Amino acid sequence: MQIKAAIIDFDGTIVNNDILDLLCDLAGKKHESEKLNKLFHKGKVNGLTGLTQRINFLSGLSISQIHRTLEENTYLKPGAKELFTYLKEHNIVTIIASGNIVTVLNFYQNLL
């Protein structure tokens with residue numbers, strides 16, 4: 001049996017921080033973002049509602065601000081680059097499962 005595709009979670013799996021919390025910090029909303037995230041994990045906030053609110057905190061941030069932040073520290077877990085290199089070398093389609101914003105996912109797609 002040959003593996004043809006891999007679905008990989010984003011936050012907490014290939015990166016070691018919650019990237020939305022980091023970006024919300026740029027917008028001065030880190031504490032609000034962390035609070036919503038904790039409420040979600042406790043089952044007190046619907047996932048989509050909390051995610052939408054957290055993404056709305058990013059209003060006003062530019063793509064270049066986001067890229068600069070991620071370029072300063074990619075927050076990749078050890079072995080993430082090697083994993084994606086292996087998957088690519090073996091023609092395994094990779095799918096990153098995430099509720100993150102497209103700008104962030106594009107950054108990591110280009111990086112990996």
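Here the structure is a predicted model, which means the values were calculated and not measured.
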Visitor: Under the rule for side chain to side chain contact (heavy atoms under 4.5 Å, CB included), what residues qualify as partners of K88, not counting sequence neighbours?
Guide: none
Visitor: What distance do L26 atom CG and R68 atom CZ have between them, rounded to the nearest 0.5 Å?
Guide: 9.0 Å
Visitor: Cut-off 3.5 Å, no hydrogens considered: what does the side-chain donor-acceptor table look like for residues 55-66, sequence neighbours left out?
Guide:
| residue | atom | partner | partner atom | Å |
| --- | --- | --- | --- | --- |
| N56 | ND2 | T52 | O | 3.3 |
| S62 | OG | S64 | OG | 3.0 |
| S62 | OG | Q65 | N | 3.0 |
| S62 | OG | Q65 | OE1 | 3.4 |
| Q65 | OE1 | S62 | N | 2.8 |

Visitor: Using side-chain heavy atoms (C-beta onward) and a distance below 4.5 Å, is Q53 in contact with L36?
Guide: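 Yes, at least one pair of side-chain atoms sits under 4.5 Å.
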Visitor: Give every donor-acceptor pair under 3.5 Å between a side-chain atom in residues 100-112 and any protein atom, sequence neighbours left out.
Guide:
| residue | atom | partner | partner atom | Å |
| --- | --- | --- | --- | --- |
| Y108 | OH | T74 | O | 2.5 |
| N110 | ND2 | N106 | O | 3.3 |

Visitor: Restricting to non-hydrogen atoms, name the atom on N46 and the atom on F40 that form the minimum distance, rounded to 0.1 Å.
Guide: C-CD1, 4.3 Å
Visitor: Between atom CG of N37 and atom CG of L20, what is the distance when rounded to the nearest 0.5 Å?
Guide: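 The CG atom of N37 sits 8.5 Å away from the CG atom of L20.
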Visitor: Please test Y75 against D18 for side chain to side chain contact (heavy atoms under 4.5 Å, CB included), starting from the C-alpha separation and ending with a verdict.
Guide: CA-CA 9 Å; Y75 303 97; D18 186 306; over 6 Å; no
Visitor: Give the cluster check for I96 versus I19: same hydrophobic cluster or not, with ILVMFWY residues linked at side-chain heavy-atom distances below 4.5 Å.
Guide: yes
Visitor: How far does CG of D21 sit from NE2 of H31, to the nearest 0.5 angstrom?
Guide: 10.5 Å
Visitor: For a 4.5 angstrom cut-off between non-hydrogen side-chain atoms, does K81 reach L76?
Guide: yes
Visitor: Short question: side chain of D11, backbone of S98 - any donor-acceptor pair under 3.5 Å?
Guide: no
Visitor: In Å and rounded to the nearest 0.5 Å, what is the NZ to CG distance from K77 to L83?
Guide: 12.5 Å
Visitor: Does CD1 belonging to I7 count more than 12 external heavy atoms closer than 6.0 Å?
Guide: no
Visitor: Working to the nearest 0.5 angstrom, can you tell me the gap between E34 CD and R54 CZ?
Guide: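 Going from the CD atom of E34 to the CZ atom of R54 covers 9.0 Å.
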Visitor: Testing I3, V93, T94 for side chain to side chain contact (heavy atoms under 4.5 Å, CB included) with L87, which one passes?
Guide: T94
